[in-house]
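Hydrogens, waters and symmetry mates are skipped; everything else that's a heavy atom, side chains included, is used. Please read these numbers as outputs of a predicted model, since none were measured by experiment. Note that the numbering runs from 1 along the sequence shown for the chain.
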Amino acid sequence: MKIAAIQMRSGLDPDANIAALEPMLAEAVAQGAQYVLTPEVTVIFPENREQLAQVAAPFEDHSQLRRVGELARQYAIHVHIGSLAVPLADGRFANRSVLFGPDGAIVATYDKIHLFDATIAGLNAYRESATYAGGEQAVTASLGDFTLGLSICYDMRFPKLYNALANAGATLIAVPAAFTVPTGQAHWHVLLRARAIETGSYVIAAAQGGQHPNGRATYGHSIIIDPWGRIVAELDHDEPGVLVAEISPELVADARERVPALANARNFALPRALQP
C-alpha cells in the first residue's frame, strides 16, 4: 500500500488553504497513494483565539470539509485532514482530525487529547486549554490491510496513547503536526522513531513548515518511519511538498515478532515510598 504525507504552509484563509492542498493531493494520487495525510491545522492556522473565532465554521455542513470529501470520492482514496478547529458550546474549540473514505464520507474523527499548558521561566505562560478542549477518546479506523491509529502533534509525547492504539490493533499511526522550529530540531525525529519502535508500527507525520502569515514558524520535515524505527522517507526541509512511500503489513508482523514488546508488557504496582 502506498501512503502520502502532504507538507503545507497554512495561513488564515480556509479556502486558500484547501486550494493549496488540491494540486498536492493530485500529485500524491498520481504517485499511487491510497491514503493521504495532511498536517495539523490544515484548514486554518491562527495565532490566537480571536483570529480563530472569526473564521472557524461549525462542523456540520463545513464547506472546506465538503470539498475534501468530494476530492476523496473523485480519487477513490482515503484522505485524512490532520486537523481543523471546530467550535464548541463553551466557546472553546476541538482540534479535530477527520478521515474520509474512498466514497467521500467521513469514516472517523478524533479530537486531540493532550493540550500544551506550560509556564517557562522568562517566557509567557502558554495555555492551549484556554482555546481548545481536550478530547477523551482514542480512535482507530480500518484502512485496507492496515488499522490506522489517530493522534495529533503534542500527543506524540505521551507513549501511553500509542501503546493503547497498538494494543487496539493499530499498525499505522498518523501524527499530523505543527511543530515549532526549536522543538522540531530537538525532538521531532527521536520522538517519532521511538513511537514507531515501541509499538512496532509504521508512523506517518505530516507537518506544517516555514514562516506562516500568523507570524509563527514551523519545522516541516514530514516523515514516514517503519516499525523497526527506520526512516523510510522524509522531506528534509520546511517547504510545501508531497512525500510518498510504500508500506507492508508483513513488516509490522516481522518487527513485532522480533521484539514482542506489546505481548510481553505486564502490569505492575509502584508502592508508595516509606515515610521516615
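- The same ILVMFWY cluster, assembled from side-chain heavy atoms under 4.5 Å apart, contains both Ile224 and Leu191.
- Inspection of the Ser201 and Arg195 side chains reveals no N or O donor paired with an N or O acceptor under 3.5 Å.
- The other residues sharing a hydrophobic cluster with Phe45 are Val41, where clustering joins ILVMFWY side chains under 4.5 Å apart.
- In this structure, the side chains of Leu172 and Ile247 come closer than 4.5 Å at one or more pairs of heavy atoms.
- Residues satisfying the salt bridge (charged side-chain N to carboxylate O under 4.0 Å, His left out) test with Asp145, not counting sequence neighbours, are none.
- Chaining together hydrophobic side chains whose heavy atoms lie under 4.5 Å apart places Val43 alongside Ile6, Met8, Ile18, Leu21, Met24, Leu25, Val29, Val36, Phe59, Leu65, Val68, Leu71, Tyr75, Ile77, Val79, Ile81, Leu84, Val86, Val98, Phe100, Ile106, Val242, Val244.
- When the side-chain hydrogen bond (donor to acceptor under 3.5 Å, both in side chains) test is applied to Asp226, the partners found at least two apart in sequence or on another chain are Arg230.
- Inspection of the Asn167 and Asn163 side chains reveals an N or O donor paired with an N or O acceptor under 3.5 Å.
- Closest of all the heavy-atom pairs between Pro159 and Glu198 is CB-OE1, 3.6 Å.
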- [ ] Begin with the C-alpha distance, continue with both residues' side-chain angles, and end with the deciding distance and a verdict on side-chain hydrogen bond (donor to acceptor under 3.5 Å, both in side chains) for Thr38 and His80.
- [x] CA-CA 6 Å; Thr38 72; His80 185 175; over 6 Å; no
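- Gln64 and Asp15 are linked by a side-chain donor-acceptor pair at a separation below 3.5 angstrom, with hydrogens and angles left out of the test.
- Remark: Asp103 pairs with no residue by the side-chain hydrogen bond (donor to acceptor under 3.5 Å, both in side chains) rule, at least two apart or across chains.
- Looking at Ile204 and Tyr35, their side chains come closer than 4.5 Å, going by heavy atoms from C-beta outward.
- For Tyr154, the ring pair (Phe, Tyr, Trp, His ring centres under 6.0 Å) partners at least two apart in sequence or on another chain are Phe116, Phe158.
- Among residues two or more places apart in sequence or in another chain, the side-chain hydrogen bond (donor to acceptor under 3.5 Å, both in side chains) test is passed with Glu40 by Asn95, Lys112.
- Note on Leu165 and Val139: same hydrophobic cluster, where clusters join Ile, Leu, Val, Met, Phe, Trp and Tyr whose side-chain heavy atoms are under 4.5 Å apart, directly or indirectly.
- Residues Ala56 and Ala85 approach most closely at CB-O, 4.1 Å, considering heavy atoms.
- Judged as a salt bridge (Lys or Arg N to Asp or Glu O under 4.0 Å), the pairs with a partner in residues 239-248 (not counting sequence neighbours) are, in order, Arg9-Glu239.
- Taking the salt bridge (charged side-chain N to carboxylate O under 4.0 Å, His left out) definition, one finds that Glu27 meets it with nothing, sequence neighbours left out.
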TODO: Could you walk me through whether Tyr219 and Thr183 pass side-chain contact (heavy atoms from CB on, under 4.5 Å), step by step?
DONE: CA-CA 8 Å; Tyr219 183 60; Thr183 54; over 6 Å; no
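- Taking CG of Asn17 as the start and OG of Ser10 as the end, the distance is 4.0 Å to the nearest 0.5 Å.
- For the pair Arg73 and Glu70, the salt-bridge criterion is not met [side-chain N within less than 4.0 Å of a carboxylate O].
- Between Arg92 and Thr131, every side-chain heavy-atom pair lies at or beyond the 4.5 Å cut-off.
- Val175 and Trp188 fall within the same hydrophobic cluster, defined by Ile, Leu, Val, Met, Phe, Trp and Tyr side-chain heavy atoms under 4.5 Å apart, directly or through other members.
- Taking the salt bridge (charged side-chain N to carboxylate O under 4.0 Å, His left out) definition, one finds that Arg96 meets it with Asp111, sequence neighbours left out.
- With sequence neighbours left out, Asp61 forms a salt bridge (charged side-chain N to carboxylate O under 4.0 Å, His left out) with Arg66.
- Put simply, Tyr110 and Phe93 are part of two different groups of oily side chains (I, L, V, M, F, W, Y) that touch within less than 4.5 Å, one to the next.
- The minimum heavy-atom distance between Ala205 and Leu192, with the atom names listed, is CB-CD1, 3.7 Å.
- Residues passing the side-chain hydrogen bond (donor to acceptor under 3.5 Å, both in side chains) test with Glu234, sequence neighbours excluded: His189, His221.
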